[in-house]
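Take a look at the structure below.
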Amino acid sequence: MKVALAQTRFKTADFEFNYKQITEQIENTECDLIIFPRYDLEDTGVKELASDCRVQNAETEFYEKIARQNYDKSILVGDVLIQNGKLFVSEDGFYIIQGKNVYVDKIYKEEIICDLYVLAKNKYFVMNEHQSFMDSINTRNDFVYVNAIGMADENVYAGGSFAKNKENELVLFLPVCESVCENVDFDSSVVYAEPQIEEVVYKVLVFALREYCENTGFKKVILGLSGGIDSALTAVLAADAIGSENVLGILMPSMYSSEESVTDSVTLAQNLGIKTEKHSITPLFDKFMEKVAHVNNQDLAEENLQARLRAIILMFFSNRDNRLLLSTSNKSETAMGFGTLYGDLAGGLNLICDLTKTNVYKLSAYINREAERIPQVIIDKAPSAELRPGQKDQDRLPEYKILDDIIEMYVEQEKPVEEIAAKHGTELVLDTIRKIYKAQFKRKQCCLGVRLTERSFTDSVNYPIMQRFY
(Lines give C-alpha, C1' and ligand atoms only; values in the text may rest on other atoms or scores of the structure.)
Protein backbone atom coordinates (compact mmCIF):
# COMPACT_ATOMS: atom_id res chain seq x y z
CA MET A 1 0.00 0.00 0.00
CA LYS A 2 1.44 3.32 -1.11
CA VAL A 3 0.90 5.84 1.70
CA ALA A 4 1.16 9.64 1.46
CA LEU A 5 1.35 11.98 4.46
CA ALA A 6 -0.32 15.36 3.83
CA GLN A 7 0.58 18.15 6.27
CA THR A 8 -1.92 20.81 5.25
CA ARG A 9 -3.13 24.22 6.39
CA PHE A 10 -6.47 24.92 7.98
CA LYS A 11 -8.43 28.03 8.77
CA THR A 12 -10.89 27.97 11.62
CA ALA A 13 -14.42 27.33 10.27
CA ASP A 14 -13.33 28.28 6.73
CA PHE A 15 -14.65 25.13 5.12
CA GLU A 16 -14.18 26.29 1.53
CA PHE A 17 -10.49 27.02 2.15
CA ASN A 18 -10.01 23.74 3.99
CA TYR A 19 -11.80 21.82 1.25
CA LYS A 20 -9.53 23.33 -1.39
CA GLN A 21 -6.40 22.44 0.63
CA ILE A 22 -7.45 18.81 0.85
CA THR A 23 -8.70 18.28 -2.69
CA GLU A 24 -5.60 19.86 -4.25
CA GLN A 25 -3.38 17.40 -2.38
CA ILE A 26 -5.62 14.45 -3.26
CA GLU A 27 -5.61 15.30 -6.96
CA ASN A 28 -1.86 15.96 -7.12
CA THR A 29 -0.64 12.90 -5.18
CA GLU A 30 -0.26 9.38 -6.48
CA CYS A 31 -0.92 6.89 -3.69
CA ASP A 32 -3.34 4.29 -2.37
CA LEU A 33 -3.96 6.06 0.94
CA ILE A 34 -3.51 9.76 1.68
CA ILE A 35 -3.56 10.84 5.34
CA PHE A 36 -4.63 14.34 6.41
CA PRO A 37 -4.73 16.05 9.80
CA ARG A 38 -7.98 16.43 11.71
CA TYR A 39 -10.29 19.08 10.33
CA ASP A 40 -13.23 18.58 12.69
CA LEU A 41 -14.41 21.57 14.71
CA GLU A 42 -12.90 20.66 18.05
CA ASP A 43 -9.43 20.29 16.52
CA THR A 44 -9.35 23.57 14.60
CA GLY A 45 -9.98 26.06 17.40
CA VAL A 46 -13.62 27.01 16.91
CA LYS A 47 -14.29 27.19 20.68
CA GLU A 48 -17.97 28.05 21.32
CA LEU A 49 -18.61 28.49 17.61
CA ALA A 50 -18.94 24.71 17.63
CA SER A 51 -22.40 25.06 19.20
CA ASP A 52 -23.68 27.03 16.19
CA CYS A 53 -25.95 24.73 14.19
CA ARG A 54 -24.99 26.39 10.90
CA VAL A 55 -21.33 25.66 11.60
CA GLN A 56 -22.13 22.04 12.48
CA ASN A 57 -24.03 21.63 9.24
CA ALA A 58 -21.18 23.20 7.27
CA GLU A 59 -18.76 20.70 8.81
CA THR A 60 -20.97 17.78 7.77
CA GLU A 61 -21.25 19.18 4.24
CA PHE A 62 -17.45 19.61 4.15
CA TYR A 63 -16.85 15.85 4.53
CA GLU A 64 -19.75 14.89 2.24
CA LYS A 65 -18.47 17.23 -0.46
CA ILE A 66 -15.10 15.45 -0.47
CA ALA A 67 -16.82 12.07 -0.59
CA ARG A 68 -18.97 13.12 -3.57
CA GLN A 69 -15.81 13.48 -5.66
CA ASN A 70 -15.51 9.67 -5.46
CA TYR A 71 -11.72 9.68 -5.65
CA ASP A 72 -9.92 6.49 -6.68
CA LYS A 73 -7.89 6.36 -3.48
CA SER A 74 -8.60 5.99 0.21
CA ILE A 75 -8.58 9.22 2.20
CA LEU A 76 -8.17 9.63 5.93
CA VAL A 77 -9.06 13.08 7.27
CA GLY A 78 -8.18 12.64 10.92
CA ASP A 79 -10.26 9.62 11.93
CA VAL A 80 -12.79 9.98 9.10
CA LEU A 81 -12.27 7.49 6.27
CA ILE A 82 -13.51 8.51 2.82
CA GLN A 83 -13.58 5.57 0.44
CA ASN A 84 -15.51 4.83 -2.76
CA GLY A 85 -17.59 7.94 -2.30
CA LYS A 86 -18.67 7.06 1.24
CA LEU A 87 -17.84 8.25 4.77
CA PHE A 88 -16.83 5.91 7.58
CA VAL A 89 -16.10 6.64 11.24
CA SER A 90 -14.93 3.61 13.20
CA GLU A 91 -16.04 3.17 16.80
CA ASP A 92 -12.91 1.26 17.79
CA GLY A 93 -10.40 3.10 15.56
CA PHE A 94 -9.72 0.15 13.20
CA TYR A 95 -10.17 0.28 9.43
CA ILE A 96 -9.41 -2.18 6.64
CA ILE A 97 -7.79 -0.16 3.85
CA GLN A 98 -6.32 -1.82 0.76
CA GLY A 99 -6.30 -5.09 2.71
CA LYS A 100 -4.26 -3.55 5.54
CA ASN A 101 -5.30 -3.19 9.17
CA VAL A 102 -5.09 0.56 9.92
CA TYR A 103 -5.65 2.03 13.39
CA VAL A 104 -6.38 5.74 13.99
CA ASP A 105 -6.37 7.54 17.34
CA LYS A 106 -5.60 10.90 19.00
CA ILE A 107 -3.27 9.25 21.53
CA TYR A 108 -0.52 6.65 21.16
CA LYS A 109 -1.08 3.20 22.69
CA GLU A 110 1.88 0.83 22.59
CA GLU A 111 -0.29 -2.28 22.98
CA ILE A 112 -2.06 -1.78 19.64
CA ILE A 113 -1.00 -4.21 16.90
CA CYS A 114 -1.79 -3.21 13.32
CA ASP A 115 -0.23 -2.77 9.89
CA LEU A 116 -0.30 1.03 10.15
CA TYR A 117 -0.85 3.21 13.20
CA VAL A 118 -2.09 6.73 12.43
CA LEU A 119 -1.70 9.24 15.25
CA ALA A 120 -3.93 12.10 14.11
CA LYS A 121 -3.79 14.94 16.58
CA ASN A 122 -3.37 18.65 16.01
CA LYS A 123 -0.74 19.68 18.55
CA TYR A 124 -0.06 23.37 19.10
CA PHE A 125 3.57 24.43 19.02
CA VAL A 126 5.57 24.39 22.26
CA MET A 127 9.27 25.24 22.34
CA ASN A 128 11.74 22.40 22.97
CA GLU A 129 9.16 19.61 23.07
CA HIS A 130 9.05 18.06 19.60
CA GLN A 131 12.20 15.97 19.89
CA SER A 132 11.03 14.41 23.16
CA PHE A 133 7.61 13.79 21.62
CA MET A 134 9.20 11.96 18.68
CA ASP A 135 11.38 9.93 21.04
CA SER A 136 8.34 8.98 23.13
CA ILE A 137 6.90 7.00 20.21
CA ASN A 138 8.37 3.51 20.50
CA THR A 139 6.46 1.68 17.82
CA ARG A 140 6.24 -1.93 16.66
CA ASN A 141 3.99 -0.95 13.76
CA ASP A 142 4.50 1.23 10.73
CA PHE A 143 3.51 4.60 12.19
CA VAL A 144 2.61 8.11 11.03
CA TYR A 145 1.93 11.22 13.05
CA VAL A 146 0.04 13.92 11.16
CA ASN A 147 -0.29 17.50 12.39
CA ALA A 148 -1.92 20.46 10.69
CA ILE A 149 -0.45 23.90 10.19
CA GLY A 150 -2.51 26.93 11.02
CA MET A 151 -3.32 29.44 13.73
CA ALA A 152 -6.25 29.28 16.12
CA ASP A 153 -6.17 32.46 18.20
CA GLU A 154 -3.14 32.12 20.53
CA ASN A 155 -2.24 28.59 19.40
CA VAL A 156 -0.01 27.91 16.42
CA TYR A 157 -0.14 24.50 14.79
CA ALA A 158 3.24 24.17 13.15
CA GLY A 159 3.26 20.74 11.55
CA GLY A 160 6.36 18.66 12.17
CA SER A 161 4.55 15.50 11.03
CA PHE A 162 6.69 12.36 10.85
CA ALA A 163 6.68 8.62 10.17
CA LYS A 164 8.46 5.61 11.64
CA ASN A 165 8.66 2.00 10.56
CA LYS A 166 7.98 -1.06 12.69
CA GLU A 167 11.65 -1.11 13.71
CA ASN A 168 11.02 2.32 15.28
CA GLU A 169 13.28 4.00 12.72
CA LEU A 170 12.42 7.48 11.52
CA VAL A 171 11.58 7.34 7.81
CA LEU A 172 10.06 10.79 7.18
CA PHE A 173 9.97 14.22 8.80
CA LEU A 174 7.98 17.13 7.40
CA PRO A 175 9.15 20.72 7.91
CA VAL A 176 7.72 23.27 10.32
CA CYS A 177 5.07 25.72 9.05
CA GLU A 178 4.99 24.37 5.51
CA SER A 179 2.10 22.77 3.67
CA VAL A 180 3.59 19.66 2.11
CA CYS A 181 2.59 16.16 1.03
CA GLU A 182 5.09 13.33 0.66
CA ASN A 183 4.94 9.61 0.09
CA VAL A 184 6.20 7.46 2.95
CA ASP A 185 8.88 4.84 2.31
CA PHE A 186 8.82 2.61 5.38
CA ASP A 187 11.87 0.71 4.11
CA SER A 188 14.21 3.70 4.09
CA SER A 189 15.26 5.37 7.34
CA VAL A 190 16.37 9.01 7.56
CA VAL A 191 18.57 10.96 9.95
CA TYR A 192 16.79 13.74 11.79
CA ALA A 193 18.90 16.79 12.55
CA GLU A 194 17.05 18.80 15.17
CA PRO A 195 17.06 22.46 14.08
CA GLN A 196 18.22 25.25 16.38
CA ILE A 197 15.27 26.25 18.55
CA GLU A 198 15.64 29.92 17.57
CA GLU A 199 15.26 28.94 13.92
CA VAL A 200 12.00 27.15 14.68
CA VAL A 201 10.64 29.96 16.88
CA TYR A 202 11.46 32.49 14.17
CA LYS A 203 9.53 30.45 11.57
CA VAL A 204 6.57 30.01 13.93
CA LEU A 205 6.31 33.72 14.78
CA VAL A 206 6.61 34.85 11.16
CA PHE A 207 4.01 32.26 10.17
CA ALA A 208 1.73 33.35 13.04
CA LEU A 209 1.64 37.01 12.04
CA ARG A 210 1.10 36.15 8.38
CA GLU A 211 -1.77 33.82 9.32
CA TYR A 212 -3.30 36.32 11.72
CA CYS A 213 -3.31 39.08 9.13
CA GLU A 214 -4.65 36.81 6.40
CA ASN A 215 -7.46 35.52 8.63
CA THR A 216 -8.49 38.90 10.06
CA GLY A 217 -8.11 41.01 6.93
CA PHE A 218 -5.21 43.24 8.01
CA LYS A 219 -2.77 44.13 5.24
CA LYS A 220 -0.51 46.45 7.25
CA VAL A 221 0.86 46.75 10.77
CA ILE A 222 2.11 49.54 13.01
CA LEU A 223 4.35 49.54 16.08
CA GLY A 224 6.26 51.93 18.24
CA LEU A 225 10.04 51.94 17.76
CA SER A 226 11.68 52.83 21.06
CA GLY A 227 15.28 52.02 20.21
CA GLY A 228 15.01 48.92 22.41
CA ILE A 229 15.43 45.27 21.56
CA ASP A 230 11.78 44.21 21.98
CA SER A 231 10.39 46.61 19.38
CA ALA A 232 13.38 45.92 17.12
CA LEU A 233 12.76 42.17 17.17
CA THR A 234 9.04 42.66 16.57
CA ALA A 235 9.80 44.94 13.61
CA VAL A 236 12.02 42.28 12.00
CA LEU A 237 9.37 39.59 12.44
CA ALA A 238 6.71 41.88 10.98
CA ALA A 239 8.82 42.85 7.96
CA ASP A 240 9.62 39.20 7.23
CA ALA A 241 6.01 38.10 7.69
CA ILE A 242 4.08 40.62 5.56
CA GLY A 243 6.75 42.64 3.75
CA SER A 244 8.69 45.69 4.89
CA GLU A 245 6.50 47.96 2.74
CA ASN A 246 3.54 47.09 4.98
CA VAL A 247 5.22 47.95 8.29
CA LEU A 248 5.13 51.44 9.82
CA GLY A 249 7.33 52.28 12.81
CA ILE A 250 6.47 55.32 14.91
CA LEU A 251 9.27 57.07 16.81
CA MET A 252 7.89 58.92 19.84
CA PRO A 253 10.75 60.44 21.83
CA SER A 254 10.15 62.33 25.05
CA MET A 255 12.21 64.79 27.07
CA TYR A 256 13.88 61.75 28.66
CA SER A 257 14.69 59.87 25.45
CA SER A 258 18.33 59.63 24.49
CA GLU A 259 19.39 60.72 21.04
CA GLU A 260 20.60 57.16 20.47
CA SER A 261 17.04 55.84 20.88
CA VAL A 262 16.05 57.84 17.81
CA THR A 263 19.14 57.22 15.71
CA ASP A 264 19.20 53.50 16.53
CA SER A 265 15.54 53.19 15.52
CA VAL A 266 16.24 54.99 12.24
CA THR A 267 19.15 52.64 11.53
CA LEU A 268 16.95 49.63 12.26
CA ALA A 269 14.25 50.94 9.91
CA GLN A 270 16.81 51.52 7.17
CA ASN A 271 18.17 47.99 7.62
CA LEU A 272 14.67 46.54 7.27
CA GLY A 273 13.35 48.95 4.65
CA ILE A 274 10.32 49.90 6.74
CA LYS A 275 8.66 53.31 6.81
CA THR A 276 8.86 55.54 9.88
CA GLU A 277 7.29 58.67 11.29
CA LYS A 278 8.53 60.73 14.21
CA HIS A 279 6.14 62.35 16.68
CA SER A 280 7.57 63.77 19.91
CA ILE A 281 5.29 63.35 22.93
CA THR A 282 6.96 66.21 24.82
CA PRO A 283 4.52 68.95 23.65
CA LEU A 284 1.56 66.72 24.49
CA PHE A 285 3.01 65.91 27.90
CA ASP A 286 3.75 69.54 28.68
CA LYS A 287 0.26 70.65 27.66
CA PHE A 288 -1.31 67.92 29.81
CA MET A 289 0.75 68.95 32.83
CA GLU A 290 -0.22 72.58 32.27
CA LYS A 291 -3.93 72.14 31.63
CA VAL A 292 -4.81 69.00 33.59
CA ALA A 293 -2.24 68.00 36.20
CA HIS A 294 -1.09 71.55 37.13
CA VAL A 295 1.85 70.17 39.11
CA ASN A 296 4.87 68.11 38.07
CA ASN A 297 5.85 65.47 40.64
CA GLN A 298 7.99 63.23 38.36
CA ASP A 299 6.17 60.20 39.78
CA LEU A 300 4.75 56.93 38.44
CA ALA A 301 1.60 58.63 37.17
CA GLU A 302 3.72 60.83 34.92
CA GLU A 303 5.72 57.84 33.69
CA ASN A 304 2.48 56.06 32.81
CA LEU A 305 1.19 59.22 31.13
CA GLN A 306 4.09 59.11 28.70
CA ALA A 307 3.29 55.52 27.77
CA ARG A 308 -0.39 56.38 27.33
CA LEU A 309 0.34 59.37 25.12
CA ARG A 310 2.34 57.06 22.89
CA ALA A 311 -0.57 54.63 22.79
CA ILE A 312 -2.91 57.42 21.69
CA ILE A 313 -0.63 58.21 18.76
CA LEU A 314 -0.28 54.56 17.77
CA MET A 315 -4.00 53.85 18.05
CA PHE A 316 -4.83 56.95 16.01
CA PHE A 317 -2.74 55.79 13.06
CA SER A 318 -3.91 52.21 13.58
CA ASN A 319 -7.53 53.34 13.20
CA ARG A 320 -6.90 55.82 10.40
CA ASP A 321 -4.83 53.49 8.21
CA ASN A 322 -6.45 50.19 9.26
CA ARG A 323 -3.13 48.92 10.57
CA LEU A 324 -2.83 46.16 13.16
CA LEU A 325 -1.05 47.54 16.22
CA LEU A 326 1.65 45.16 17.42
CA SER A 327 2.36 45.17 21.14
CA THR A 328 6.02 44.58 22.05
CA SER A 329 6.05 43.47 25.71
CA ASN A 330 8.02 40.32 26.52
CA LYS A 331 7.15 37.62 29.07
CA SER A 332 9.57 38.90 31.72
CA GLU A 333 8.01 42.34 31.73
CA THR A 334 4.49 40.95 31.64
CA ALA A 335 5.22 38.65 34.57
CA MET A 336 6.47 41.55 36.66
CA GLY A 337 3.74 43.98 35.62
CA PHE A 338 6.46 46.08 34.01
CA GLY A 339 4.15 47.77 31.54
CA THR A 340 1.42 50.39 31.42
CA LEU A 341 -2.22 49.49 30.88
CA TYR A 342 -3.62 51.44 27.92
CA GLY A 343 -0.02 52.45 27.24
CA ASP A 344 2.75 50.19 26.01
CA LEU A 345 0.51 47.15 26.68
CA ALA A 346 -1.97 48.37 24.07
CA GLY A 347 -2.21 46.48 20.83
CA GLY A 348 -4.06 43.94 18.73
CA LEU A 349 -1.44 41.18 18.73
CA ASN A 350 1.82 40.47 20.56
CA LEU A 351 4.34 38.21 18.85
CA ILE A 352 6.90 38.05 21.69
CA CYS A 353 4.66 37.91 24.78
CA ASP A 354 5.73 34.30 25.51
CA LEU A 355 9.46 34.99 25.13
CA THR A 356 11.40 35.92 28.23
CA LYS A 357 13.91 38.74 27.84
CA THR A 358 16.68 36.13 27.71
CA ASN A 359 14.96 34.43 24.78
CA VAL A 360 14.39 37.79 23.09
CA TYR A 361 18.17 38.26 23.07
CA LYS A 362 18.73 34.72 21.78
CA LEU A 363 16.25 35.16 18.92
CA SER A 364 17.75 38.55 18.05
CA ALA A 365 21.21 36.99 17.89
CA TYR A 366 19.85 34.30 15.55
CA ILE A 367 18.33 36.95 13.28
CA ASN A 368 21.70 38.70 13.12
CA ARG A 369 23.60 35.48 12.40
CA GLU A 370 24.45 36.46 8.81
CA ALA A 371 24.02 40.23 8.80
CA GLU A 372 23.37 43.00 11.31
CA ARG A 373 19.66 43.50 10.75
CA ILE A 374 19.12 44.62 14.34
CA PRO A 375 21.83 47.19 15.08
CA GLN A 376 24.28 45.71 17.57
CA VAL A 377 24.06 48.84 19.70
CA ILE A 378 20.40 48.01 20.35
CA ILE A 379 21.35 44.53 21.52
CA ASP A 380 24.23 45.79 23.65
CA LYS A 381 22.51 48.70 25.40
CA ALA A 382 21.09 48.35 28.91
CA PRO A 383 17.29 47.94 28.68
CA SER A 384 15.37 51.05 29.69
CA ALA A 385 11.83 52.38 29.35
CA GLU A 386 13.32 55.93 29.40
CA LEU A 387 10.44 57.35 31.41
CA ARG A 388 12.67 59.31 33.76
CA PRO A 389 16.29 60.53 33.68
CA GLY A 390 18.84 57.71 33.69
CA GLN A 391 16.23 54.97 34.13
CA LYS A 392 17.29 51.33 33.65
CA ASP A 393 15.16 48.17 33.91
CA GLN A 394 17.54 46.77 36.51
CA ASP A 395 16.67 49.68 38.84
CA ARG A 396 13.41 47.84 39.54
CA LEU A 397 14.07 44.30 38.38
CA PRO A 398 16.70 41.63 39.09
CA GLU A 399 19.22 40.80 36.40
CA TYR A 400 17.20 39.26 33.57
CA LYS A 401 19.17 36.01 33.55
CA ILE A 402 18.14 35.41 37.17
CA LEU A 403 14.62 36.79 36.83
CA ASP A 404 13.90 34.66 33.77
CA ASP A 405 15.11 31.52 35.48
CA ILE A 406 12.73 32.18 38.37
CA ILE A 407 9.85 32.85 35.98
CA GLU A 408 10.56 29.70 33.99
CA MET A 409 10.83 27.56 37.12
CA TYR A 410 7.71 28.94 38.80
CA VAL A 411 5.39 29.72 35.88
CA GLU A 412 6.45 27.31 33.14
CA GLN A 413 7.81 24.34 35.09
CA GLU A 414 5.63 24.77 38.22
CA LYS A 415 8.55 23.98 40.50
CA PRO A 416 8.01 24.17 44.29
CA VAL A 417 8.89 27.53 45.78
CA GLU A 418 11.37 25.86 48.12
CA GLU A 419 13.30 24.40 45.18
CA ILE A 420 13.49 27.77 43.44
CA ALA A 421 14.49 29.50 46.70
CA ALA A 422 17.31 27.02 47.24
CA LYS A 423 18.79 28.22 43.96
CA HIS A 424 18.06 31.96 44.07
CA GLY A 425 17.33 32.84 47.70
CA THR A 426 14.02 33.00 49.54
CA GLU A 427 13.64 36.78 49.67
CA LEU A 428 14.21 37.33 45.94
CA VAL A 429 12.00 34.40 44.92
CA LEU A 430 9.08 35.40 47.14
CA ASP A 431 9.34 39.02 46.01
CA THR A 432 9.26 37.89 42.37
CA ILE A 433 6.27 35.62 42.94
CA ARG A 434 4.39 38.40 44.74
CA LYS A 435 4.93 40.65 41.72
CA ILE A 436 3.69 37.91 39.39
CA TYR A 437 0.41 37.71 41.29
CA LYS A 438 0.13 41.47 41.72
CA ALA A 439 0.35 41.93 37.95
CA GLN A 440 -2.36 39.42 37.08
CA PHE A 441 -4.99 42.15 36.67
CA LYS A 442 -2.87 43.72 33.93
CA ARG A 443 -2.37 40.45 32.08
CA LYS A 444 -6.14 39.91 32.01
CA GLN A 445 -6.39 43.06 29.91
CA CYS A 446 -3.48 42.44 27.55
CA CYS A 447 -4.05 41.77 23.86
CA LEU A 448 -3.97 38.40 22.14
CA GLY A 449 -0.49 36.93 21.92
CA VAL A 450 1.29 33.98 20.31
CA ARG A 451 1.71 30.97 22.56
CA LEU A 452 5.18 29.38 22.56
CA THR A 453 5.20 27.48 25.87
CA GLU A 454 2.88 25.05 27.61
CA ARG A 455 2.43 27.57 30.42
CA SER A 456 1.72 30.84 28.68
CA PHE A 457 0.04 33.95 30.08
CA THR A 458 -2.00 34.05 26.86
CA ASP A 459 -4.09 31.04 27.84
CA SER A 460 -2.98 28.37 30.30
CA VAL A 461 -1.82 30.44 33.31
CA ASN A 462 -4.82 31.68 35.26
CA TYR A 463 -3.69 33.08 38.59
CA PRO A 464 -6.33 34.72 40.81
CA ILE A 465 -6.38 38.50 40.90
CA MET A 466 -7.83 38.57 44.39
CA GLN A 467 -5.71 36.44 46.73
CA ARG A 468 -3.96 37.11 50.03
CA PHE A 469 -1.39 34.31 50.13
CA TYR A 470 1.36 36.11 48.22
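Predicted, not measured: the structure shown is a model, and the values here were computed from it.
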Centroid-centroid distance, Y361 to Y400, less than 6.0 Å |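 Between Y400 and Y361, which both carry aromatic rings, the centre distance is not below 6.0 Å.
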[atom1]/[X] to [atom2]/[Y] distance, rounded to the nearest 0.5 angstrom?
X    : Y    : atom1 : atom2 : value
C114 : K109 : SG    : NZ    : 11.5 Å
L403 : T432 : CG    : OG1   : 6.0 Å
D405 : T356 : CG    : OG1   : 9.5 Å
R310 : S226 : CZ    : OG    : 8.0 Å
M151 : T44  : CE    : OG1   : 14.5 Å
I407 : Q413 : CD1   : CD    : 12.0 Å

Going by the angle between their ring planes, with limits at 30° and 60°, are F15 and F62 parallel, tilted or perpendicular?
-> tilted
Above 12 or not: heavy atoms from other molecules or residues under 6.0 Å from [atom1] of [X]?
X    : atom1 : value
K220 : NZ    : yes
K11  : NZ    : yes
Q445 : CD    : yes
R320 : CZ    : no
E91  : CD    : no
K73  : NZ    : yes

What residue among [options] forms side-chain contact (heavy atoms from CB on, under 4.5 Å) with [X]?
X    : options                : value
C181 : I35, I34, L5           : I34
P37  : L76, I22, T8           : T8
L363 : I352, I229, I197, L205 : L205

Answer yes or no: is there a donor N or O on one side and an acceptor on the other, between the side chain of [X] and the main chain of [Y], under 3.5 Å?
X    : Y    : value
Q467 : Y470 : yes
R38  : A120 : yes
E372 : Q376 : yes
E154 : R451 : no
T340 : D344 : no
D321 : R323 : no
K442 : G339 : yes
N28  : E24  : yes
T216 : Y212 : yes
S51  : E48  : yes

Salt-bridged, [X] to [Y], with N to O below 4.0 Å?
X   : Y    : result
K20 : E16  : no
E42 : K47  : no
R9  : E214 : yes

Please assess K331 against C353 for the test side-chain contact (heavy atoms from CB on, under 4.5 Å), listing each intermediate value before the final yes or no.
-> CA-CA 5 Å; K331 191 170 190 174; C353 66; over 6 Å; no
Mark yes or no: [X] above the aromatic ring of [Y], with NZ or CZ under 6.0 Å from the six-membered ring centre and no more than 45 degrees from the axis.
X    : Y    : value
K123 : Y157 : no
R369 : Y366 : yes
R443 : F457 : yes

Going by atom types alone, do [X] and [Y] pair a side-chain donor with an acceptor below 3.5 Å?
X    : Y    : value
D115 : N101 : no
D404 : S332 : yes
S456 : T458 : yes
E169 : N165 : yes
Y71  : N84  : no
N462 : K444 : yes
Q69  : Y19  : yes
N330 : D230 : yes
D354 : T453 : yes

Side-chain heavy atoms of [X] within contact of [Y], under 4.5 Å:
X    : Y    : value
L326 : N350 : no
T60  : E64  : yes
I96  : V102 : no

Positive for salt bridge (Lys or Arg N to Asp or Glu O under 4.0 Å) with K106, one of D40, D43, D79 = D43
Would you mind telling me which of N138, D135, T139 makes a side chain to side chain donor-acceptor pair (under 3.5 Å) with N168?
-> N138
Should T276 and L248 be marked as a side-chain contact (heavy atoms from CB on, under 4.5 Å) after you check the CA-CA gap, both sets of side-chain angles, and the distance that decides it?
-> CA-CA 6 Å; T276 62; L248 175 62; 5.5 Å; no
Per the ring pair (Phe, Tyr, Trp, His ring centres under 6.0 Å) rule, which among F173, Y124, F125 passes with H130?
-> F173
Test applied, ring pair (Phe, Tyr, Trp, His ring centres under 6.0 Å); reference residue, Y108; option that passes from Y103, Y145, F133, F143 =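 By the ring pair (Phe, Tyr, Trp, His ring centres under 6.0 Å) criterion, Y108 pairs with just one of Y103, Y145, F133, F143: F143.
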Begin from the C-alpha positions of N215 and T12 and carry the test side-chain contact (heavy atoms from CB on, under 4.5 Å) through to its verdict.
-> CA-CA 9 Å; N215 281 274; T12 301; over 6 Å; no
How far apart are the C-alpha atoms of V221 and I242, what are their side-chain angles, what is the distance that settles it, and do they pass the side-chain contact (heavy atoms from CB on, under 4.5 Å) test?
-> CA-CA 9 Å; V221 301; I242 63 171; 3.6 Å; yes
